[in-house]
Amino acid sequence: MKPVTRRATLAGLGIAVPSLVTLSACSGGKKPAGGGGSPSSLSVWALTGAKEDTYQGSFDAWDEANPDNPFAVEFFANDSYKEKIRTSIGSGNAPTLIFNWAGGTLEDYVGNESVVDLTGKVDDILSHSIESIAKVGEVDGKQYGVPNNDTQPVVLYYSTELFEEHGVTPPTTWAELMTAVEAFVAADITPIALAGQSVWPELMYIQYLTDRIGGEGVFEKILTGEADAWSDPAITSALESIVQLVDAGAFGSSFGSVAADAGADAALVHTGQAAMLLQGSWVYGTFKQDAPDFVAGDKLGFLNFPAADGGAGDPANVVGNPANFWSVSADADPEVQELAIKYLNEFNLNEDMVDSFLGMGAIPAVKDLEDKLPDLDDGKFLSFAYDMVINAPHFQLSWDQALPAAPAQELLTNLSQIFLGEKKPADFVSAMNATLDS
């Protein structure tokens, strides 16, 4: 594995969008960026979905204030964007603002001199960003990306109704979690919904368990390419804990056919078929949209992942998606780069964007929201998730984002085989250690 020199501390889970159809939108009727960005004019690509209107509103505000330098704007579905941005950066035709997940991808951009060093140039936006999240936009101590949306910790959701009906205590320790699993299996209820068909939700388990058992330093050794780093006992223990959950019936017998993109895992909870769900904070919006009465009736509870009995990791640590990031293309003309930096400081995550994110039940990656959240419609959940992030000693970068593409895919493949009972922990460790030499 190519050594990763930046200290990666936050999680960046790419959320797949089901449609592969490319969509485009133009601000104010302007011509879109087309096949790539023009080095002499401002351009930006972003993702379709719930946040599209918020981004478009921000670009429209810039255009109104800067009519001589408007943005050419295009929106793409998740998978389409990832393919298109790789091609455009490789050919020198990237948009001015490059939407990314930081981690290994951003390091590749920096290594190929594809993005601008923003150190000392984006102090205004950094001054009100959550510091630990802003740091994920650093590579080797220099700033190459700034947060552009909401922070998304991974949360343990649970049905308060099912827990009360069956007299089960919401789990804050591993022992309590296994007790809850046993109780719900006995009641013929799936203890934990899991979208195994999507695979990526399974990462949340190995990340949290490794962190709770061995602390954040375990994955740091993998990132730096230390020989046999996957052989750390905490990883084997985490894998054995996953096997324990599977063997106990924690995920039921059909989790391999459940897909996250369609919200099928959340549906199992709000229809009373499953008691718990480990998923990102973005799933709160799915619950709210698909089962508004379930949410409004306080039937949805939420917790941080349980502590490991005798574990070395801090139980306040968090994994999840810290935010997405804007970087500035090094292929843009210098004066266009300066305009993009001005946008980042004056319009990105400003008050209007913050209010827009809060209005959709999302938590913008900015400081000092504690007093504002409780009065919102979703204040209880927003305050809980925001406190998770603010108080987390360590917010771990998703392993499939922190690692280079090839080892990341090997990780997903081997982890899926663990959940399906097709591979033993020792075989997983051997397979992943082999990626350290690639």
Side-chain angles (χ1 to χ4, degrees), residues 1-8 10 12 14 22 32-47 55 59 69 71-76 78-122 125-126 133-149 223 225 322-345 348 397-398 400-409:
M1 183 180 79
K2 181 177 67 176
V4 177
T5 55
R6 180 177 56 85
R7 176 176 170 81
L10 300 179
T22 300
S38 168
S40 60
S41 60
L42 281 168
S43 57
V44 58
W45 298 348
L47 300 188
Y55 288 128
F59 300 135
N69 295 289
F71 269 106
V73 185
E74 284 192 277
F75 291 94
F76 297 90
N78 185 295
D79 290 345
S80 299
Y81 171 78
K82 289 178 178 178
E83 180 178 349
K84 192 173 181 68
I85 195 66
R86 283 194 297 267
T87 302
S88 69
I89 289 177
S91 63
N93 293 314
T96 315
L97 285 182
I98 298 174
F99 183 99
N100 64 85
W101 287 261
T105 301
L106 182 57
E107 290 182 356
D108 286 344
Y109 292 164
V110 173
N112 294 324
E113 299 183 349
S114 300
V115 293
V116 174
D117 180 359
L118 299 174
T119 307
K121 301 176 182 178
V122 287
I125 174 61
L126 294 181
I133 293 176
K135 280 186 173 297
V136 91
E138 295 182 4
V139 176
D140 293 333
K142 296 181 179 179
Q143 198 80 38
Y144 288 93
V146 297
N148 67 16
N149 56 16
L223 285 178
N324 291 113
F325 293 80
W326 289 130
S327 297
V328 177
S329 173
D331 292 320
D333 290 344
E335 59 270 22
V336 178
Q337 294 177 11
E338 290 303 315
L339 288 170
I341 291 168
K342 180 180 178 183
Y343 166 82
L344 294 178
N345 280 314
N348 179 49
L397 181 62
S398 171
D400 66 335
Q401 294 296 328
L403 295 173
Q409 186 55 54

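Numbers for residues simply follow the sequence, beginning at 1.
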Would you name the heavy atoms of [X] and [Y] that are closest together and state the gap between them?
X      : Y      : result
Val115 : Ser327 : CG1-CB, 3.8 Å
Pro39  : Asp331 : CB-O, 3.4 Å
Gly137 : Phe325 : N-CE2, 3.8 Å
Pro95  : Trp45  : CG-CD2, 3.7 Å

Any side-chain heavy atom of [X] sitting closer than 4.5 Å to one from [Y]?
X      : Y      : value
Asp333 : Ser40  : yes
Val146 : Leu126 : yes
Val116 : Lys121 : yes
Val73  : Tyr55  : no

Ile341 backbone acceptor or donor facing Asn348 side chain under 3.5 Å: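 No: the side chain of Asn348 does not pair with the backbone of Ile341.
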Query raised in the report: Has the side chain of Gln143 got a donor or acceptor atom that lies under 3.5 Å from a matching backbone atom of Ala134?
Result: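 Yes; at least one donor-acceptor contact below 3.5 Å.
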Holding to side chain to side chain donor-acceptor pair (under 3.5 Å), I want the full list of residues that pass it with [X], two or more places apart in sequence or in another chain.
X      : answer
Asp117 : Thr119
Thr105 : none
Asn324 : Asn149
Glu338 : none

Taking ring-ring contact (aromatic ring centres under 6.0 Å, His included) as the test, write out the residues that go with Phe99, two or more places apart.
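In terms of ring-ring contact (aromatic ring centres under 6.0 Å, His included), with neighbours along the sequence ignored, Phe99 is linked to Tyr81, Trp101, Trp326.
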*Please name all residues satisfying ring-ring contact (aromatic ring centres under 6.0 Å, His included) with Tyr144, sequence neighbours left out, ordered by chain then number.*
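Applying ring-ring contact (aromatic ring centres under 6.0 Å, His included) to Tyr144 gives none.
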Within this structure, what is the OH-CD1 distance for the pair Tyr343 and Ile125, rounded to the nearest 0.5 Å?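 Answer for the OH-CD1 pair, Tyr343 versus Ile125, is 9.0 Å.
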Query raised in the report: Once you round to the nearest 0.5 Å, how far does OG of Ser43 lie from CD1 of Ile98?
Result: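 The distance works out to 9.0 Å.
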Q | Pair Ile85-Asn100, side-chain contact (heavy atoms from CB on, under 4.5 Å): steps then yes or no | A | CA-CA 9 Å; Ile85 195 66; Asn100 64 85; over 6 Å; no
For [X], side chain to side chain contact (heavy atoms under 4.5 Å, CB included) partners two or more places apart:
X      : answer
Ala332 : Thr96, Val336, Gln337
Glu83  : Arg86
Ser114 : Ile89, Tyr109, Asn112

**Asked** Should the heavy atoms of other residues, nucleotides or ligands under 6.0 Å from CD of Glu335 be counted, would the total exceed 12?
**Response**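 More than 12 within 6.0 Å, yes.
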Does Phe71 form a side-chain contact (heavy atoms from CB on, under 4.5 Å) with Leu339? I'd like the steps, not just the answer. CA-CA 10 Å; Phe71 269 106; Leu339 288 170; over 6 Å; no
